[in-house]
Amino acid sequence: MNEALNFLITGMANGFIYSMIAIGFTLIIKCSRVFNFAQGEITILGAYIFYAAIVQFNLPLPIAILMTAVAAVFLGIMIERMLIRPTIGQPILSTVILTLALGGVLRSLMILIWGQDLLSLPPFFPKGGVHLGQVVTLSYPHIFFFAVSIVLIVLLGIYYSYTRGGLAMRVTADDIVVARLLGINVTRILAMSWAIAALIGGAAGVLLTSVTGIHYGAVEVGFKAMTVTLVGGMESLAGVIIMGPVLGIIETMVAGYIDPLLGGSISEVASFIILLIFMVFRPHGILGWKTIERV
Amino acid sequence: MLRLVNVEVKYNEVVLVLRGVSIEVPERSIVCLLGANGAGKTTTLKAISGILSAESGKVTDGFIEFSDQRIDRQDAERIAKLGIFQVMEGRRVLEHLTVEDNLKAGALTRKDGKIKEDLQKIYDYFPRIAQFRKKTAGYLSGGEQQMLVIGRALMGNPRVLLLDEPSLGLSPLLVQEIFSILEKIFHDSQISMLLVEQNAGIALQISQHGYVLENGRVVLEGSAEKLKENREIQEFYLGLSELGQRKSYREVKHYKRRKRWL
């Protein structure tokens with residue numbers, strides 16, 4: 001029983017990371033229908049930049065965080081300006097392929113600069129954790145994961161639902177022609193979506209690699225987040241926020257209970273099995289937009 | 001205030017849709033633009049609001065002027081900020097947003113703090129949509145959606161409202177209702193309207209001036225009174241016979257009597 005509870009907590013902590021990366025997918029899909037296959041690379045690049053700031057340049061933690069944030073936002077805006085904006089008006093598929101290529105370039109760039117070895121960030125958290133009752137241990141990194149991801153997600157949610165900028169983003173997501181007719185600068189919305197996606201993705205990358213260490217292979221977390229996006233519903237922020245922890249829990253549960261029985265790492269593919277099932281039976285995900293039909 | 005001079009529009013650099021259209025919308029007036037399908041009415045509106053580029057259309061000759069400023073080379077965003085708001089054909093509500101968010105979206109270009117009062121004003125004009133404030137706009141009925149998109153455009157404090165077939169697909173009663181509200185809005189405020197309609201009868205009722213568009217050209221223009229008296233208009237747009245009575249379709253051989261303007 002206590003084992004299960006611990007799996008639950010670990011899974012949820014990982015899951016919020018997936019949610020953060022998935023939010024990046026969703027924001028970009030909403031305003032431009034583009035599926036950004038480079039999201040995993042952007043995530044890990046954020047972690048590498050943070051590593052460079054704190055280990056290689058030896059900057060104090062607050063400045064390193066600030067620098068990483070600025071670099072991530074800059075990266076997002078540059079990608080939008082230089083690669084995405086010129087392809088507006090071309091078929092969506094060509095832009096999607098472009099993000100795939102961008103992912104490859106970013107990955108080799110990471111190998112070129114930081115090599116193929118596993119780099120590790122200095123430990124920020126003391127060992128151990130807070131004991132809840134007798135059986136459940138909440139380790140310090142997990143507490144931190146929860147805190148940072150929930151704060152970021154809530155801030156984004158508030159921005160998206162209650163501010164004028166958020167409203168402009170929602171209008172653009174719904175109907176881009178109407179958005180232009182209402183005086184919304186849609187290219188700026190697009191740039192902003194990329195910036196937020198890179199920022200929140202980079203933050204997720206830092207959190208994730210603070211435990212696992214940084215390696216370019218970690219970009220595959222992007223595929224996990226992709227599953228979260230598709231199963232949660234491509235256009236629904238709420239869907240991906242819920243689906244992240246759910247998927248994280250399923251993964252750790254499978255790793256804890258099924259893997260030992262079968263002797264393989266089913267947990268690695270569990271999310272993809274779920275994805276396949278959803279794609280067949282509920283292709284718009286749990287909360288994605290169905291076309292509104294009036295009866 | 002808004003002036004189109006010899007505007008020519010081509011799509012994909014080959015398809016000539018407008019062949020030199022000149023239209024003027026003076027300050028504080030309702031001007032209607034009549035014509036059959038494919039005459040170029042919607043294209044005229046799109047040329048004004050600047051969204052032709054999204055369909056690879058372009059103003060290739062002539063110019064469009066708004067308060068002595070040329071606008072035919074400007075972005076749609078900029079034109080909206082100048083105070084020209086288009087209500088597109090076919091009730092383009094923001095389906096997944098609530099009614100209130102739809103209206104607030106209309107006011108995104110505004111910087112003044114009077115949005116709350118204006119929201120109330122819109123609800124007063126359109127009491128039907130007031131009861132659905134928190135409802136998802138995609139589920140409103142056709143008439144309510146039309147009211148919502150008109151209200152949304154009004155939220156931007158427009159100086160000119162471009163209306164593309166507000167009567168499309170609505171019952172005669174609802175059409176009456178919407179047009180009487182439009183008339184009321186016109187009397188209460190300072191805005192001008194350019195009204196594109198197939199329903200010539202009701203369009204000529206509320207407008208002061210009208211243009212008839214055929215094949216990308218203005219073939220007839222005049223005050224609404226004069227147009228209503230015009231025999232061609234009566235026969236082809238209002239469906240009246242020479243005696244001013246309803247026409248019996250039995251007497252008409254459409255294929256022979258199709259009017260050629262030029």
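So you know, we letter chains A, B, ... as the sequences are listed, proteins then strands, and number each from 1. Just so you know, these numbers come straight off a predicted model, no measurement behind them.
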- [ ] Let me see the working for A/Asp175 and B/Glu95 under side chain to side chain contact (heavy atoms under 4.5 Å, CB included), right down to the final yes or no.
- [x] CA-CA 9 Å; A/Asp175 192 328; B/Glu95 287 190 334; over 6 Å; no
Bottom line for B/Ser53: the part with an atom under 4.5 Å from chain A's heavy atoms is side chain
Rounding to 0.5 Å, atoms CG (A/Leu181) and CD (B/Gln86) come to a distance of 5.0 Å
Ranked by heavy-atom pairs below 4.5 Å to chain A, first place among B/Lys104, B/Arg92, B/Met88 goes to B/Arg92
Looking only at heavy atoms, the pair that brings A/Arg180 and B/Gly50 closest together is NH2-O, 3.7 Å
**OP:** Side-chain contact test, heavy atoms from C-beta onward, threshold under 4.5 Å: evaluate it for A/Leu167 versus B/Leu97 and give yes or no.
**Re:** yes
| Would a distance-only check, ignoring hydrogens and angles, find a side-chain to backbone donor-acceptor pair under 3.5 Å from A/Arg164 to B/Leu108? | yes
Interface check, chain B: of A/Val186, A/Ile176, A/Ile184, most non-hydrogen pairs under 4.5 Å belong to A/Ile184
Got a sec: does the NZ of B/Lys114 have more than 12 other heavy atoms crowding it under 6.0 Å? no
Heavy-atom count around B/Lys58 NZ within 6.0 Å, excluding the residue itself: above 12?
no
When rounded to the nearest 0.5 Å, the distance separating CG of B/Asp101 from CG of A/Asp174 is 10.5 Å
Turns out that what part of B/Leu162 lies under 4.5 Å from chain A's heavy atoms comes down to neither
dist A/Leu182:CG -> B/Met155:CE (nearest 0.5 Å) comes out at 11.0 Å
Whatever's closer than 4.5 Å to a heavy atom in chain A on B/Ala107 counts as backbone
Look at atom CD of B/Glu13 and say whether more than 12 heavy atoms of other residues, nucleotides or ligands are closer to it than 6.0 Å.
-> no
Problem - Exceeds 12 heavy-atom contacts within 6.0 angstrom, atom CZ of A/Phe74 - result: no
Notebook entry, point to check: Considering residues, nucleotides and ligands other than A/Phe146, do more than 12 of their heavy atoms fall under 6.0 Å from its CZ?
Noted result: yes
